[in-house]
Amino acid sequence: MAAIGPRARDWADRLRSAYPDASPDGLARLATRRFVRQAGAGGATAALAGAFAPLAELAAVLWTQANLVLHLAAAYGRDPAHPDRAAELLVLTQVHPDAESARTALAAARAADGPGDEPWSRAVEAAWRLAAPLAAQAGGWLVLRLASRVLPGAAVLAAAAGDSAAAARLAARAVTRYRPPRSR
């Protein structure tokens, strides 16, 4: 968050300077297109990683999702570097069901850095929460690898399409979260 947030803020500031009439929705569309394309490219690249494909995809997906959410927050005038964005990211990516449980998990993770704590149990829980959605895809990866023997490139296309669609769904949730209510 500390690295991505300021870059997202700078991106939004540059675009607002260059295009003063650009609406927040316009900036959000630009960010969405950019990161949906990036998700597809990341999924396709990860599919080429062979046995490490699920791990490569996890890294690509997490990076892209964080960038997408923080750029959308910046598009709608929220500070993408604010600590609240971390909890919102966990809720929007459906790692946690609500902001309160996300904030509790973040506080526990920060507390685990202190002396005398058991950081491994919390780290394992956090890793499991992040990896659980991809663990469900492990069977899918096996099927795709077998299908790729008959249809070369199937895994690459499926990963690209799946990750693009997931990023588009995340963007819709984030826009709903950050867009101010329209006045009638």
Side-chain angles (χ1 to χ4, degrees), residues 1-47 56-110 126 129-134 136-137 156-184:
M1 300 295 283
I4 301 171
R7 283 195 296 249
R9 183 187 318 112
D10 292 345
W11 168 84
D13 290 346
R14 274 192 319 274
L15 285 176
R16 284 189 186 101
S17 263
Y19 306 100
D21 293 334
S23 70
D25 286 333
L27 295 180
R29 282 191 299 277
L30 285 174
T32 298
R33 286 184 188 135
R34 173 183 174 187
F35 291 107
V36 166
R37 277 194 311 266
Q38 187 175 358
T45 303
E57 184 180 27
L58 176 63
V61 164
L62 293 176
W63 183 259
T64 302
Q65 288 180 345
N67 268 292
L68 174 60
V69 168
L70 294 178
H71 279 74
L72 290 172
Y76 285 105
R78 305 286 179 99
D79 179 3
H82 192 277
D84 286 348
R85 299 301 87 80
E88 292 165 359
L89 177 62
L90 291 173
V91 173
L92 289 167
T93 56
Q94 300 175 330
V95 172
H96 285 278
D98 56 49
E100 186 58 37
S101 68
R103 280 191 288 277
T104 301
L106 288 168
R110 288 182 193 109
R129 284 184 178 271
L130 291 172
L134 286 183
Q137 293 178 355
V156 173
L157 292 175
D163 287 356
S164 290
R169 288 189 303 271
L170 174 60
R173 289 191 300 272
V175 166
T176 299
R177 168 77 174 88
Y178 295 127
R179 178 189 284 151
R182 295 180 192 245
S183 59
R184 292 185 176 197

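This chain uses plain numbering: 1 for the first residue, then up along the sequence.
Here the side chain of Ser164 pairs no donor or acceptor atom with the backbone of Ala39 at under 3.5 angstrom.
With a 4.5 Å cut-off on side-chain heavy atoms, Trp11 and Leu30 count as touching.
Across all non-hydrogen atoms, the minimal contact from Ile4 to Ala66 is CD1-CB, 3.9 Å. When all heavy atoms of Arg16 and Gly77 are compared, the pair lying nearest together is NH2-N, 3.7 Å. When all heavy atoms of Pro6 and Ala3 are compared, the pair lying nearest together is CD-O, 3.8 Å. In terms of heavy-atom proximity, Thr93 sits nearest to Arg173 at CA-NH2, 4.3 Å. In terms of heavy-atom proximity, Ala8 sits nearest to Ala74 at O-CB, 3.6 Å. When every heavy atom of Ala102 is checked against every heavy atom of Val91, the shortest pair comes out as CB-CG2, 4.0 Å.
Listed by chain and residue number, Asp98, Arg103, Thr104 satisfy the side-chain contact (heavy atoms from CB on, under 4.5 Å) test with Glu100 (two or more places apart in sequence, or in another chain). Checked against side-chain contact (heavy atoms from CB on, under 4.5 Å), Ala22 has the following partners two or more places apart in sequence or in another chain: Tyr19, Leu27. Not counting sequence neighbours, the partners of Ala56 by the side-chain contact (heavy atoms from CB on, under 4.5 Å) test are Ala46, Ala49. Among residues two or more places apart in sequence or in another chain, the salt bridge (Lys or Arg N to Asp or Glu O under 4.0 Å) test is passed with Arg179 by Asp25. Legend: residues meeting side-chain hydrogen bond (donor to acceptor under 3.5 Å, both in side chains) with Glu88, ordered by chain and number and at least two apart, are Arg85, Arg177, Tyr178. Scanning for side-chain contact (heavy atoms from CB on, under 4.5 Å) contacts around Ala44 gives Val156, Ala160, with sequence neighbours left out. Residues satisfying the side-chain hydrogen bond (donor to acceptor under 3.5 Å, both in side chains) criterion with Arg9, sequence neighbours excluded, are Asp79.
Atoms CG and CZ, on Leu92 and Arg169 in that order, are 14.0 Å from each other to the nearest 0.5 Å. For the atom pair CG (Leu72) and CG (Asn67), the distance works out to 10.5 Å, reported to the nearest 0.5 Å.
Here salt bridge (charged side-chain N to carboxylate O under 4.0 Å, His left out) pairs that include residues 32-43, with residues two or more places apart or in two chains, number zero.
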